[in-house]
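To find a chain, count down the sequence lines: A is the first, B the second, and so on, and within it residues start at 1. Quick caveat, the model's predicted, so the values are computed rather than measured.
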Amino acid sequence: MQVYLPIAELSVNGLMILAMGGGVGILSGMFGVGGGFLMTPLLIFAGIPPTVAVATEANQLVASSLSGTLAHWRKGGVDVKMGLVLLAGGVVGSLLGILLFGELRETGQVDLFISLCYVVLLGLIGVLMMVDSLRASGIIGNAERRRPRAHHLWISGLPFKLRFRRSRLYISALLPLALGCLVGFLASIMGVGGGFIMVPVMIYIIRMPTAMVVGTSLFQIVFVTAFVTFLHAAINQTVDLVLALLLLLGGVFGAQIGAVYGRRLSGESLRFLLAGLVLFVCLVLLFSLVYRPDDLFSLQRLP
Amino acid sequence: MRLFLMRLFFLLLLVGTAYTNLSSKAVAASLIADLSEYQIRIETDFTGARIYMFGVIDHQDSDARIAKDGSIDRSSTASAENADAVLDVIIIVRGPPTAITVREKQRSFGIWINRQEAHYSNVPSFYTIATTRPFDDIASPETFHQIGLRIENLSFAQSNEPSSEPPFPEALIRLMTAQGLYQELPQTITVQDGKLFRTVLDVGTNVPTGRYEASFYLFRDGEAIVATTLPISIEKRGMNWQIYNSAHQSPYLFGLFAVIMALSIGWLATFIARRL
């Protein structure tokens, strides 16, 4: 079933896109991560131009993050004040990212930059996930070490402290601002939500209670990805509505399935496989950068 | 007076019908051309399109025939002027002009990065040329160069500083050919009874939109003697056109709509999941 994408200006197999969206949705429903950073490279492999893939995936993340946020909200797992500070940083970061994105498009280096960022990102995440899954199955290392209660000294010394009642924290706002900024920047450049960075930092550096972490990060992601989608559409006109619709339908469907089966199947072997998949995608991207292309020349039609 | 006016009328008629003739020789042929489609609409299920291009050679010279599959039809041994006259048809389909940037990659730090680039502002976005016989049998390369036919005779004006080193024009042609946008299709025009010619044009899903031109040339003895042009329009239609249009005409609204669509579907999915 071929579907023509009006913005990407090519035809794709509609069922394949639905299946991809569904597959990644299942993974993200099961593990809570793996939405953007897996979907965008897969779209690029499927032949979608990277600029369209990034912008359209950001659109899909709005929906999947909203689902998650609502679910956590009902359990009281969202610290709105922290979320808003993260969001403020996210707005600044995504604006910076869009500016850089525009510059790269002008100089014809945008595809390269996106691929490079993904190689680094997927490499780091893949290794961390691999180590984590191996440690969880007892193959390496020992069990979870107890986290010390107090913050690191230099964090306590930062100015602009705010009281975050839900998280029972009294901490400098600069930390969540900086974190939100970084994540917003990545969202506009790479089409990712950034939960994989936010969650560890919120747990280990900001020291939020674990129950508040996922919900608050999803809260921020909803707004930041919505903002990024809007910016990409308004400035670069690279959001493909037909592709977005296919991804949205496949993604939310898959996420529901994943959430249901996640409790039963999510064993160590699956986490290991997921880590393996991430590393595999990373290596394929790296290979595509290093391997001498068939044609050293490429062309870009200007609108 | 009436006789004079009648003669004047017929003279004007003769001049009028001869205006498409290119050769200075006395012409004994004309061309009528038609297309199966003048408009291609790109809908949601677009997988490519096919246009039949055909027509009739009306040759007053009875010895002249369009040659079939490479053989020259010599049906009489009369004088060199109008005997052994071989007629060929060449059809060219040109897409609208577009601006293209060609870039060359070089290896830096182990990976391949775009380095030099050339900007071209007036490049045909589509070019297909079909003939009845091999190019060399129809006319000389100089003739083709003079009229500006064949891909090798397309001229690209570079609009940034000319960098002499990398062969950008050749790369441009090669890349466009690889995408199926530039094609040379010799001997693909079939002929019936020396009069009716026909060929088929296939366009793929990456075909650019806009106003195209199908030019029909009649060649005789290595010279183009008649030419006529028909327009083709390729446009996005329906949903596709509306989406593409609103994305470019009202980008802020489009972005807002995309966000609202995502929020709605996300909320709807949660809502439905809770009910199940």
Side-chain angles (χ1 to χ4, degrees), chain A residues 1-7 9-11 56 59-67 70-71 107-109 111-112 116 222 225-227 229-242 244-245 248-249 252-253 255-256 259 286 289-293 295-303, chain B residues 42-48 98-107 110-114 117 119 123 125 166-168 171-172 174-176 178-179 205-206 208-209 236 239-244 247-248 251-252 254-259 261-270 272-273 276:
Chain A
M1 190 194 99
Q2 289 288 107
V3 176
Y4 183 78
L5 306 177
I7 306 294
E9 293 189 302
L10 51 92
S11 273
T56 311
N59 196 17
Q60 195 230 356
L61 287 172
V62 175
S64 46
S65 317
L66 181 66
S67 281
L70 290 174
T107 55
Q109 307 291 1
D111 293 359
L112 171 74
L116 269 178
V222 172
T225 48
F227 188 53
T229 304
F230 179 74
L231 286 176
H232 270 297
I235 298 175
N236 299 316
Q237 286 106 49
T238 49
V239 175
D240 191 308
L241 221 55
V242 176
L245 193 63
L248 282 166
L249 293 174
V252 296
F253 202 64
Q256 296 301 328
L286 183 62
L289 286 173
V290 167
Y291 187 73
R292 191 184 195 281
D295 200 332
L296 288 181
F297 291 86
S298 60
L299 61 81
Q300 179 185 8
R301 278 186 58 197
L302 308 170
Chain B
I42 298 182
E43 306 275 1
T44 318
D45 54 355
F46 185 70
T47 51
T98 182
I100 290 184
T101 301
V102 185
R103 295 193 174 93
E104 191 202 18
K105 283 186 167 69
Q106 285 174 18
R107 198 179 200 135
I111 56 178
W112 293 90
I113 303 179
N114 284 322
E117 59 185 41
H119 301 271
V123 178
S125 52
F168 282 118
L172 175 58
R174 187 178 60 241
L175 290 163
M176 293 295 271
Q179 288 185 24
T205 57
N206 62 344
T209 55
K236 292 182 169 106
M239 212 42 163
N240 281 310
W241 175 80
Q242 279 168 15
I243 293 176
Y244 185 87
H248 290 265
Y252 291 92
F254 187 84
L256 206 61
F257 180 79
V259 170
M261 178 176 86
L263 287 170
S264 315
I265 293 183
W267 180 84
L268 208 65
T270 311
I272 293 176
L276 287 174

| query | Step by step, would you call B:Y252 with A:F230 a side chain to side chain contact (heavy atoms under 4.5 Å, CB included)? | reply | CA-CA 7 Å; B:Y252 291 92; A:F230 179 74; 3.5 Å; yes

| Which one, A:L249, A:T107, A:N236, A:D111, leads in non-hydrogen pairs under 4.5 Å with chain B? | A:T107

| message | With rounding to the nearest 0.5 angstrom, report the CE to CG distance, B:M176 to A:L299. | response | 6.5 Å

| message | I'd like to verify something: which residue of A:V252, A:T238, A:I235, A:V290 has the highest number of heavy-atom pairs under 4.5 Å with chain B? | response | A:V290

| note | Applying a strict 4.5 Å limit to non-hydrogen atoms, the region of A:L231 in contact with chain B is neither

| Non-hydrogen atoms of chain A under 4.5 Å away: do they reach the side chain of B:I42, the backbone, both or neither? | side chain

| request: Sort B:Q179 into side chain, backbone, both or neither according to what part of it lies under 4.5 angstrom from a heavy atom of chain A. | output: side chain

| Any residue meeting salt bridge (charged side-chain N to carboxylate O under 4.0 Å, His left out) with B:R174, in chain and number order, not counting sequence neighbours | A:D295

| Passes side chain to side chain contact (heavy atoms under 4.5 Å, CB included), A:Q2 versus B:T205? Steps please. | CA-CA 11 Å; A:Q2 289 288 107; B:T205 57; 5.7 Å; no

| request: Show the numbers, then the answer: is there a side chain to side chain contact (heavy atoms under 4.5 Å, CB included) between A:V222 and B:L263? | output: CA-CA 9 Å; A:V222 172; B:L263 287 170; 4.1 Å; yes

| Spatial distance of atom CZ (A:F253) from atom CD1 (B:I265) [nearest 0.5 Å] | 13.5 Å

| request: Measure the spacing between CG of A:L286 and CD1 of B:I111 and express it to the nearest 0.5 Å. | output: 8.5 Å

| remark: CZ (B:F254) and CG (A:L241) are apart, to the nearest 0.5 Å, by 4.5 Å

| field | Option in A:N59, A:T229, A:V62 with maximal non-hydrogen atom pairs under 4.5 Å from chain B | value | A:N59

| Among A:G108, A:S65, A:S64, which has the most heavy-atom pairs under 4.5 Å with chain B? | A:G108

